[in-house]
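The analysis underlying the following values was restricted to heavy atoms, covering all of them including side chains, and did not include hydrogens, waters or symmetry mates. The chain is numbered in sequence order, starting from 1.
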Amino acid sequence: VLDLSRIEAGRMPWRETEVDLSELVLEAVKVLAPLAEKRSGTRIHIRLADSLPSIEADRDRLLQVIINLVDNALKFTEEGDIFISGCCRMDHVQLRFKDSGRGISRSDLWTIFDSFQQSVDETLVSKPRGTGLGLAICRAVLARYGGLIWAESALGQGAELYLEFPVEPCGQED
């Protein structure tokens, strides 16, 4: 709550540095690897383009965003695969987090990014309830850098969450 309040009030201290997105994704997965290892039927696959550029941003805040997305994918994927990919397309870099979990109802796709909101699905009653702030914080951090976050999903079909950051033109699609 404090982080989101600081961001929204413009009082969050930001430490801008050169951030290697590939390294950040690998670090986030390493942090959460013990959770994945506890589930013998859940695997994380990473496919990042060699041409992912570094960006100027607060490394800790971006790590918080990526950890949150990987953690959500793990939380809602009982068994199956989680795919993390990244590519550079013209003037933006895109990271994609795809899971094979329960999915998100179409009616919740945009509201999950609002404060204190979570997907409402009776099949998830056994899942730990969070504060409903993780995706709101992700959206606020990305907005700081002119970035976007969105989800594509349907119940029973897993979920895909996308992050995009504007960058200098980076060539052809990977």
If you apply the rule side-chain contact (heavy atoms from CB on, under 4.5 Å), what do you find for Phe165 with Gln94, and how did you get there?
CA-CA 7 Å; Phe165 301 93; Gln94 183 181 84; over 6 Å; no
Is it true that the side chains of Glu16 and Tyr145 contain a donor and an acceptor less than 3.5 Å apart?
yes
Distance alone, cut at 3.5 Å: any donor-acceptor contact between the side chains of Tyr162 and Glu160?
yes
How long is the straight-line distance from CD of Gln157 back to CZ of Arg102, given to the nearest 0.5 Å?
12.5 Å
Atom of [X], atom of [Y] and distance for their closest heavy-atom approach:
{"X": "Ile55", "Y": "Leu21", "value": "CD1-CD2, 4.1 Å"}
{"X": "Ile67", "Y": "Ala28", "value": "CG1-CB, 3.6 Å"}
{"X": "Asn68", "Y": "Cys138", "value": "ND2-SG, 3.3 Å"}
{"X": "Pro166", "Y": "Gly146", "value": "CD-O, 3.4 Å"}
{"X": "Gly86", "Y": "Leu48", "value": "N-CD2, 3.5 Å"}
{"X": "Leu52", "Y": "Cys88", "value": "CD2-N, 4.2 Å"}

Is any side-chain heavy atom of [Y] closer than 4.5 Å to one of [X]?
{"X": "Val141", "Y": "Ile149", "value": "no"}
{"X": "Leu148", "Y": "Leu142", "value": "no"}
{"X": "Leu32", "Y": "Ile44", "value": "no"}

Answer with yes or no whether the hydrophobic clustering places Val25 together with Phe83; edges join I, L, V, M, F, W, Y residues whose side-chain heavy atoms lie under 4.5 Å apart.
no
Cluster question for you: counting only ILVMFWY and a side-chain heavy-atom cut-off of under 4.5 Å, with indirect links fine, are Leu135 and Leu109 together?
yes
[X] side-chain N/O to [Y] backbone N/O, donor-acceptor pair under 3.5 Å:
{"X": "Asp91", "Y": "Val167", "value": "no"}
{"X": "Ser105", "Y": "Leu155", "value": "no"}
{"X": "Ser100", "Y": "Ile82", "value": "no"}
{"X": "Arg139", "Y": "Phe113", "value": "yes"}
{"X": "Asp58", "Y": "Arg61", "value": "yes"}

Pair Val70, Leu35 - check side-chain contact (heavy atoms from CB on, under 4.5 Å), show working.
CA-CA 10 Å; Val70 176; Leu35 288 176; over 6 Å; no
As a quick check of understanding, evaluate side-chain contact (heavy atoms from CB on, under 4.5 Å) for Asp99 and Asp81, giving each step before the final call.
CA-CA 6 Å; Asp99 66 56; Asp81 296 307; over 6 Å; no
Stepwise, does the side-chain contact (heavy atoms from CB on, under 4.5 Å) test hold for Cys87 with Val93?
CA-CA 6 Å; Cys87 63; Val93 64; over 6 Å; no
Excluding sequence neighbours, so at least two apart, what forms side chain to side chain donor-acceptor pair (under 3.5 Å) with Asp20?
none
Verify the neighbour count for atom CZ of Arg43: are there more than 12 heavy atoms of other residues, nucleotides or ligands below 6.0 Å?
yes
